[in-house]
Amino acid sequence: MALERLMNDTDPSTRGRAARRVMEWDPDRAIPVLARLLYEQSDPQSVSVEAVLIVREARYALQKYFGLDLFDPTELPDRLAAMGITLPEKTSRGLRREN
């Protein structure tokens, strides 16, 4: 329960770490948290490397869960859409490598 509560933490890094663990027993709750981390604006005071790592770790966890190639995120937007999770167009295009 403590990890599930941490998925609502203000720190995106904490949310991501908690969601990756919660995915083991409740992916329906964890996947939307990880999906938001793909596009959510990071704290302007955070180091840019940290912001990139948060996005990459969230993407890796989602791709692993869906059984996708970890080096090819092109199918991820469709997998999330099938669950009713819509990513912003810019994020979807980036994951599909349409930019």
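These numbers come from the heavy atoms of this one structure, side chains and all, not from hydrogens, waters or symmetry mates. It should be emphasised that the depicted structure is a prediction, and the values quoted were computed from it without experimental measurement.
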Inset, instruction - Hey, could you give me the OH/CZ distance between Y60 and F71, rounded to the nearest 0.5 Å? - result: 9.0 Å

Inset, instruction - Measure the shortest side-chain to side-chain distance between M23 and D26 over non-hydrogen atoms and say whether it is less than 4.5 angstrom. - result: no

Legend entry - Beyond-backbone contact of L62 with R79, side-chain heavy atoms, under 4.5 angstrom: no

Inset, instruction - Could you go through the side-chain contact (heavy atoms from CB on, under 4.5 Å) check for F66 and M83 one step at a time? - result: CA-CA 11 Å; F66 289 117; M83 293 185 69; 3.6 Å; yes

Legend entry - 4.5 Å side-chain heavy-atom contact, E4 and W25: yes

Inset, instruction - Verify the cluster assignment for L38 and I31: are they in a single hydrophobic cluster under the rule of side-chain heavy atoms below 4.5 Å apart? - result: yes

Inset, instruction - Check whether any side-chain heavy atom of L95 lies under 4.5 Å from a side-chain heavy atom of T74, and answer yes or no. - result: no

Legend entry - Over all atoms of both residues, closest heavy-atom pair of R21 and L3: CB-CD1, 3.9 Å

Inset, instruction - Specify the closest pair of heavy atoms between A19 and A30, including all atoms of both residues, with the distance to one decimal. - result: O-CB, 3.2 Å

Legend entry - L34 with M7, same ILVMFWY side-chain cluster at under 4.5 Å: no

Legend entry - Check against side-chain contact (heavy atoms from CB on, under 4.5 Å), V55 and L37: CA-CA 6 Å; V55 171; L37 291 174; 5.9 Å; no

Legend entry - Sidechain-backbone polar pair: R15 side chain, N8 backbone, donor-acceptor under 3.5 Å: no

Legend entry - Taking every non-hydrogen atom, the tightest pair across D69 and Q63: O-NE2, 2.7 Å

Legend entry - Heavy-atom closest contact (A35 atom, L80 atom, distance): CB-CD1, 4.2 Å

Legend entry - Heavy-atom check, side chain of L70 versus side chain of R59, under 4.5 Å: no

Legend entry - Straight-line distance of R20 CZ to K64 NZ, nearest 0.5 Å: 10.5 Å

Legend entry - CZ (R56) with more than 12 external heavy atoms under 6.0 Å: no

Legend entry - Where P73 and R97 come nearest, the two heavy atoms and their spacing: CD-NH2, 3.2 Å

Legend entry - L76-I54 co-clustered via ILVMFWY side chain contacts under 4.5 Å: yes

Legend entry - Side-chain donor-acceptor contact under 3.5 Å, D11 with S13: no

